[in-house]
Every structure is written in C-alpha cells, then in structure tokens.
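See structure below.
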Amino acid sequence: DVKVTQSSRYLVKRTGEKVFLECVQDMDHENMFWYRQDPGLGLRLIYFSYDVKMKEKGDIPEGYSVSREKKERFSLILESASTNQTSMYLCASSFPAGGDEKLFFGSGTQLSVL
Amino acid sequence: RKEVEQDPGPFNVPEGATVAFNCTYSNSASQSFFWYRQDCRKEPKLLMSVYSSGNEDGRFTAQLNRASQYISLLIRDSKLSDSATYLCVVNINFNKFYFGSGTKLNVKP
C-alpha cells in the first residue's frame with residue numbers, strides 16, 4: 001500500500017511564526033502536492049512538485065513556499081503564519097500514468113494559527 | 001464558476017436505501033475522473049475511478065457522461081458505514097486535479 005506520512009496531525013502556532021509541514025511518501029512517486037481544505041471551499045492546490053528541486057505554483061501559493069530536496073520528501077513552509085492560514089493541510093502523491101494518475105493522501109495536518 | 005460542482009447535501013437515507021450523487025465539471029479537456037470518500041477529520045481516500053463505459057465495484061456504480069460533462073455515483077443497499085462525504089475529482093492533466101466541495105451522506109438505522 002502507498003503510504004504518505006505527514007509529520008504532525010495537529011499544530012498550534014502563533015501569528016508571525018515560521019511553520020514547517022513535512023510530508024514523506026514511500027512509493028517512489030514523482031509527483032507530490034500540497035492542498036489546503038476549508039469548509040465549503042473544497043481542496044485547493046497550494047504547490048506541487050514533479051521532480052526533485054522542481055516546483056510549480058498551484059492556485060493559492062501566496063504566503064507559502066515549498067522544498068523538495070529528496071524525491072520522497074516535500075515540505076510546505078509558511079514564512080510568517082497568519083490567522084487566515086488556519087486550515088487542514090493535506091499532502092498527496094501520485095505517479096505518472098498517462099492520464100490515469102490517482103492521488104494518495106496523507107492523514108492531514110490541522111493547523112491553527114492564533 | 002467552479003471547475004467541479006456537487007450538491008453539498010446532506011443526504012439522509014435509511015439503511016438499505018439506494019442513493020445517487022451527481023457532479024458536473026466545466027472543463028471539456030478533463031481526462032480522468034474519480035470519486036473519493038472522506039470521513040470526518042480524515043484524509044480523502046480513493047473510492048473508484050470513473051470510466052466512460054460506466055463501472056461497478058460491489059454496491060457502488062459510477063457513470064460518466066462526457067457530452068453533458070456529468071459524473072454520477074450510485075450506492076445500493078446503503079450501510080451505516082457508508083456515512084461520509086463523497087468528493088468528485090476531475091483530472092485535467094497529470095498535475096491538475098479539481099475537487100468538488102463534497103456531498104455529505106448520512107445513513108440512518
């Protein structure tokens with residue numbers, strides 16, 4: 001089974017703090033993604049990466065950055081946390097499948113910024 | 001306009017009922033289609049892919065209508081354990097997945 005592991009299930013941070021969310025997958029997937037999920041808005045893509053050191057902005061990258069130094073690890077960084085970044089953060093991975101790519105998710109990090 | 005639209009529900013049905021969810025998508029270039037299930041405060045998990053010919057997995061049947069840009073999920077003989085939120089997901093290309101906001105299902109004894 002594909003395993004996508006997020007380092008923290010719950011996090012509480014203060015406004016202005018730098019926050020690191022870590023994600024590791026064990027299936028050698030090329031593609032990794034960071035989403036946030038908010039009630040009524042569904043999942044929105046923050047950033048994705050299709051290879052080591054490669055990254056592309058998603059739909060809502062403002063206030064976030066990412067790092068992918070190793071294939072299995074994709075980190076999301078909140079440079080200066082704000083209250084509107086309180087959300088559920090979901091990491092996902094997929095492998096290229098000629099148009100039949102499927103996403104596999106980690107268990108999520110519920111981040112509260114106070 | 002949202003890329004993927006779903007009725008948020010909730011759908012409240014008794015055990016044993018048949019229930020159907022619908023989903024519409026706006027991008028005609030969409031390549032692949034999925035239903036994911038998400039339990040409260042958990043991550044989404046793949047329920048099934050959706051193919052043009054329609055496909056079935058036990059009590060679950062998925063249909064795709066490309067002409068109308070419409071996807072459906074039918075659940076027969078509902079179980080209490082089917083209570084969850086069902087997400088419609090559309091893939092434009094390898095990295096572009098669009099999610100509906102989800103349809104909540106409550107199966108009651």
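Throughout, protein chains are lettered first and strands after them, A, B, ... in sequence-line order, and every chain is numbered starting at 1. Computation of the quantities below employed the complete heavy-atom set of this structure, encompassing side-chain atoms and omitting hydrogens, waters and symmetry-equivalent molecules.
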Per-residue contact mode, [X] against chain A (heavy atom under 4.5 angstrom):
X       : result
B:Gln38 : side chain
B:Lys2  : side chain
B:Phe33 : neither

Quiz item: Should B:Asp39 and B:Lys45 count as an ion pair when the cut-off is N to O under 4.0 Å?
Solution: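 Salt bridge between B:Asp39 and B:Lys45, a charged N being under 4.0 Å from a carboxylate O: no.
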
Quiz prompt | Sidechain N-carboxylate O distance under 4.0 Å for A:Glu79, A:Lys18 | solution =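 Yes.
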
Quiz item: Regarding B:Glu3 and B:Ser26, is there a side-chain donor-to-acceptor distance under 3.5 Å anywhere?
Solution: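 Note: B:Glu3 and B:Ser26 side chains meet the donor-acceptor criterion.
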
Quiz item: Which residues in residues 70-78 of chain B have a heavy atom less than 4.5 Å from any heavy atom of chain A?
Solution: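 Expected list: none.
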
Quiz prompt | Check against side-chain hydrogen bond (donor to acceptor under 3.5 Å, both in side chains), A:Ser107 and A:Gln6 | solution = CA-CA 7 Å; A:Ser107 55; A:Gln6 292 184 231; 5.6 Å; no

Practice problem: Using the disulfide bond (SG atoms under 2.5 Å apart) rule, collect all pairs that involve residues 6-58 of chain A, keeping only residues at least two apart or in two chains. | Solution: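 Matches after skipping sequence neighbours: A:Cys23-A:Cys91.
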
Self-check item: B:Trp35: which of B:Pro44, B:Ser49, B:Cys88 passes side chain to side chain contact (heavy atoms under 4.5 Å, CB included)
Solution: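 Single side chain to side chain contact (heavy atoms under 4.5 Å, CB included) partner of B:Trp35 among B:Pro44, B:Ser49, B:Cys88: B:Cys88.
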
Quiz item: Can you list the residues that meet the side-chain contact (heavy atoms from CB on, under 4.5 Å) rule with B:Thr85, with sequence neighbours excluded?
Solution: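 Expected list: B:Leu87, B:Lys104.
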
Practice problem: Check each atom of A:Gln37 against the heavy atoms of chain B and say whether the ones under 4.5 Å are side chain, backbone, both or neither. | Solution: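 Answer is side chain: those atoms of A:Gln37 sit under 4.5 Å from chain B.
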
Side chains of residues 41-49 of chain A: which donor-acceptor partners sit under 3.5 Å, not counting sequence neighbours?
unit_1, atom_1, unit_2, atom_2, d
A:Arg44, NH2, A:Asp38, OD2, 2.8
A:Ser49, OG, A:Asp51, O, 2.9
A:Ser49, OG, A:Met54, O, 2.5
A:Ser49, OG, A:Arg68, NH1, 3.0

